[in-house]
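Below is one structure, written out as structure tokens, with a few remarks after it.
Counting starts at 1 for both ligands and their atoms, in listed order. In this text, all values refer to a predicted model and were calculated from it rather than measured experimentally.
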Amino acid sequence: MSATHTKKILLGCIADDFTGATDLANNLVRAGMRVVQTIGVPAEPLDTEADAVVVALKSRTIPAPEAVAQSLDALRWLQAQGAQQIYFKYCSTFDSTPAGNIGPVTDALMAALGTPFTIATPAFPDNKRTVFKGYLFAGDVLLSESGMQNHPLTPMTDPNLVRVLQAQTQQRVGLIDHTVVAQGADAVRARIAALRAEGVAIAIVDAVSNDDLLRMGPALAELPLLTAGSGVAIALPANFGLAPSSQAASLPAAGGRQAIVSGSCSTATNGQVLAFIQSGRPALAIDPLRIAAGVDVAAEALAWAEPLLDGGPVLVYSTAEPRDVRAIQGQLGVEEAGALVERTLAQIARGLAARGVRQLVVAGGETSGACVQALGIAQMRIGGQIDPGVPWCHAAVDAALKAPEGLHITLKSGNFGTPDFFTKAFAALAA
Ligand code: ADP
């Protein structure tokens, strides 16, 4: 690929967190777009071809003015790459508070784009998030009964999204309900026109199935800005004349050594670590208390891994059962324990790359952030899906790692993936 690309991107996306960005990118790839995800707003123009770019911010729970400033930065960069439509992506549980950040960021993007109307829908039926009459359901229950009412940062106590969003914006919020969506794109267009005539600027849109999202898709083509969870993404590539294809997910050929670094303590990850150990593959547990005691646990882990790497994938993990995690947190403090483990696993990921690992699985959302940073990854091309929400990616890494070919990496957030994910991932890459 040459360093200069004149081809413009079609869709520019701004995601309010890292794993949410990957989730969106994954849906766009599956629907036929070639997608690059950037970590923050790039300083340079995009140097590769893509139909869509997802800029991953960490703006979900920061003060609203900062979220607005970062989102506008991302908008300017995406516009400079030629984006014809902008997609502001937030969580499918609409994580926000009366202070924001969904309302303020939406307002700012609308003003910057000079557009008087946009939609807002977190519906993601594949992930059991549905919206009906403006009420958000998670699985079979209302959002406010789903556990999200107890979220430490963004407690969602009201499932009515018209009210939730209205509390965050001066603009009028309305509803495009399911009776309209069920009639198809023309009915949605007519409803948008009617809402605009009434002075509504942002409409929550019902969707209880992928069919609903696909039906409304054509009506969204005319809107300069969309705001949504990742579900709406399945309907967009068709608006640009793109259909699902294996080419959209194509990555450079994979080679090199294989490893897994796991700092997630979620139920699914505990099962995946156990399944990997039971498959007879080499696995090393690292002990947060030894890190805290000043032992160079990263050096130990790398010395352990080095002679094993030619024999197939190795696993280094801090993954533990909730009781053990609580005990560690009791001794070190929650934040200190998390930071120590993240730093150590990130050092290990870097050391593994320096030792020829070119296929890396990372388990854990925060752990992924730390590893991506340690590897000097600024952007990733999104490939095929291993399990729902978890694609392989390819990325250039820090030049000091002497891996000009880059590496294949997959970032698995806590509860994603089947029990055999760690072995299945490498098989999927070889296929
Ligand atoms: P998930 O996606 O499952 O939530 P994360 O990586 O986001 O995983 O979060 C896991 C957090 O727990 C990280 O901060 C990690 O450093 C920390 N952690 C990992 N292992 C342990 C452990 N054994 N004891 C205490 N904290 C741990």
Going by the order shown, which atoms of ligand 1 are within less than 4.0 Å of some heavy atom of [X]?
{"X": "E342", "result": "13 (C), 14 (O), 16 (O)"}
{"X": "V341", "result": "16 (O), 19 (C), 20 (N)"}
{"X": "E366", "result": "5 (P), 6 (O), 7 (O)"}
{"X": "G365", "result": "1 (P), 2 (O), 5 (P), 6 (O), 7 (O), 8 (O)"}
{"X": "S266", "result": "1 (P), 3 (O)"}
{"X": "T367", "result": "6 (O)"}
{"X": "G414", "result": "1 (P), 2 (O), 3 (O)"}

*Hey, is I328 touching ligand 1 through its side chain, its backbone, both or neither, going by heavy atoms under 4.0 Å?*
side chain
I want to confirm something. Looking only at heavy atoms, which of [options] is nearest to [atom]?
{"atom": "atom 16 (O) of ligand 1", "options": "G263, G338, P288", "result": "G338"}
{"atom": "atom 8 (O) of ligand 1", "options": "A370, G364, S368", "result": "G364"}
{"atom": "atom 26 (N) of ligand 1", "options": "T19, V325, T319", "result": "V325"}

*asked:* Does any part of the side chain of F422, heavy atoms only, come nearer than 4.5 Å to the side chain of Y317, both counted from C-beta?
replied: no
_Check: R281 and V314 side chains under 4.5 Å, non-hydrogen atoms_ = no
*Give yes if a backbone or side-chain nitrogen or oxygen of Q329 is under 3.5 Å from a nitrogen or oxygen of ligand 1, and no if not.*
no
*Can you check whether A320 has an N/O within less than 3.5 Å of an N/O in ligand 1?*
no
Does either side chain, that of [X] or that of [Y], offer a donor lying less than 3.5 Å from an acceptor on the other one?
{"X": "Q171", "Y": "D107", "value": "yes"}
{"X": "S262", "Y": "T319", "value": "yes"}
{"X": "N210", "Y": "D126", "value": "yes"}
{"X": "S92", "Y": "N127", "value": "no"}
{"X": "T19", "Y": "S413", "value": "no"}
{"X": "D95", "Y": "T93", "value": "yes"}

*asked:* Tell me if the aromatic rings of Y90 and F88 count as close, with their centers under 6.0 Å from one another.
replied: yes
_Shortest protein contact, atom 20 (N) of ligand 1 (heavy atom only)_ = S318 OG, 2.8 Å
